[in-house]
Asks: 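Shown below is the structure under consideration.
Side-chain atoms are counted along with the backbone in the values below, which use heavy atoms only and exclude waters and symmetry mates. Chain letters run A, B, ... following the sequence lines, proteins first and then strands; every chain starts at 1. Since the model is a prediction, treat every value here as computed from it, not as a measurement.
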Amino acid sequence: MASGKTSGHWSMGLLASMDDPELKVTADEKVVVIKDKYPKAKFHFLILPKEKIPNLNSLKPSHLDLLRHIHKKGEEIAGKANKELKFRFGYHAVPSMSHLHMHVISQDFDSPCLKNKKHWNSFTTSYFVDSSEIIRQLEKKGRVEQDGQRANEMLKQDLRCHVCNKAFTTMPSLKAHIVFHNVTKSAGS
DNA sequence: GTTCTAGAAC
DNA sequence: GTTCTAGAAC
């Protein structure tokens, strides 16, 4: 392999990342765990099933065990990474990257890779669907209903702090604000 | 998904 | 003049 010209289109990038030793965290018979290449928080992992599942819409009840396994793996990885920080486990309603992947992301959102409104809203609005919600929907309805158009509108929403709901007009001001939440939270001693 | 950058916003 | 956002990328 000379340079990064492996799989043509950028949306196929996750498949390459799964084999990248720099990003790979662990794997078992069902899933691969990698670090997000551009982490949007102090801890940001992706859990991908080895089985090729394109997206949420293609999930069937037969995938429920796998989804529960992914969720459990997420809790395990988060616990190993950091026991103080809060984590969320979930899926983007309209992911940019191909191949189903669950985000495991700490809620500090303290990262230089977190730069714009789309980044922010994709993790703090209903564009981010909790894994438990996906599982519940699949159990109840036999499929996952997805309103992609409504989800995409979430990305354009005004910026709001995910902790206190305060509104902000720019990303730099929001980022300066959330640092304050992180400090007060860990100021135990 | 990111990078780059024009021009809006300040 | 600088900061910041937002749209194109073949």
Asks: Indicate, with a heavy-atom threshold strictly under 4.0 Å, whether A:His101 touches base, sugar-phosphate, or nothing.
Replies: nothing
Asks: Out of the candidates A:Phe87, A:Tyr38, A:Phe123, only one should pair with A:His44 under the ring-ring contact (aromatic ring centres under 6.0 Å, His included) rule; please name it.
Replies: A:Phe123
Asks: Taking CG from A:Leu174 and C1' from C:dC4, how many angstroms apart are they, rounded to a whole number?
Replies: 14 Å
Asks: Send over the distance from A:Lys117 NZ to C:dA6 C1', rounded to a whole Å.
Replies: 10 Å
Asks: Can a cation-pi geometry be assigned to A:Lys166 and A:Phe168, taking NZ or CZ under 6.0 Å from the six-membered ring centre and within 45° of the ring axis?
Replies: yes
Asks: CG of A:Leu159 versus P of C:dC4: gap in Å, rounded?
Replies: 13 Å
Asks: In whole angstrom, give the distance that lies between atom CG of A:Asp158 and atom P of C:dA6.
Replies: 10 Å
Asks: Give A:Lys118 one of three labels, base, sugar-phosphate or nothing, depending on what nucleic acid heavy atoms sit under 4.0 Å from its own.
Replies: sugar-phosphate
Asks: Based on Watson-Crick and G-U pairs with both distances under 3.5 Å, what dot-bracket line describes DNA chain B 5' to 3', crossing pairs as [ ] and inter-strand pairs as |?
Replies: .|||||||||
Asks: Could you label the plane-to-plane angle of the A:Phe43 and A:Phe45 rings as parallel, tilted or perpendicular, counting under 30° as parallel and over 60° as perpendicular?
Replies: parallel
Asks: Which part of the nucleic acid, if any, lies within contact of A:Pro172, taking any heavy atom under 4.0 Å across all strands shown: a base, the sugar-phosphate backbone alone, or nothing?
Replies: sugar-phosphate
Asks: May I ask you to say whether A:Arg136 pairs ionically with A:Glu133, meaning some side-chain N is under 4.0 Å from a carboxylate O?
Replies: yes
Asks: Quick one: label A:Ser11 by what it contacts on the DNA or RNA (base, sugar-phosphate, nothing), any heavy atom closer than 4.0 Å.
Replies: nothing
Asks: Residues in side-chain contact (heavy atoms from CB on, under 4.5 Å) with A:Arg68, at least two apart?
Replies: A:Leu64, A:Asp65, A:Ile135, A:Glu139
Asks: Measure from NZ on A:Lys175 to C1' on C:dT3 and round the result to the nearest Å.
Replies: 15 Å
Asks: So, A:Lys175 side chain and A:Leu114 main chain: donor-acceptor pair closer than 3.5 Å or not?
Replies: yes
Asks: Taking only the side-chain nitrogens and oxygens of A:Lys115, find out if one of them lies under 4.0 Å from OP1 or OP2 of B:dT3.
Replies: yes
Asks: Is it true that A:Lys73 and A:Asp28 have a side-chain N and a carboxylate O under 4.0 angstrom from each other?
Replies: yes
Asks: Under 4.0 Å between a side-chain N or O of A:His9 and OP1 or OP2 of B:dG1?
Replies: no
Asks: In whole angstrom, give the distance that lies between atom CG of A:Asn121 and atom P of B:dG1.
Replies: 12 Å
Asks: Taking any heavy-atom pair under 4.0 Å as a contact, classify A:Lys40: base, sugar-phosphate, or nothing.
Replies: sugar-phosphate
Asks: Using whole Å, what does the distance between atom P of nucleotide C:dT3 and atom CZ of A:Phe168 come to?
Replies: 20 Å
Asks: Measure from CE on A:Met171 to C1' on C:dC4 and round the result to the nearest Å.
Replies: 11 Å
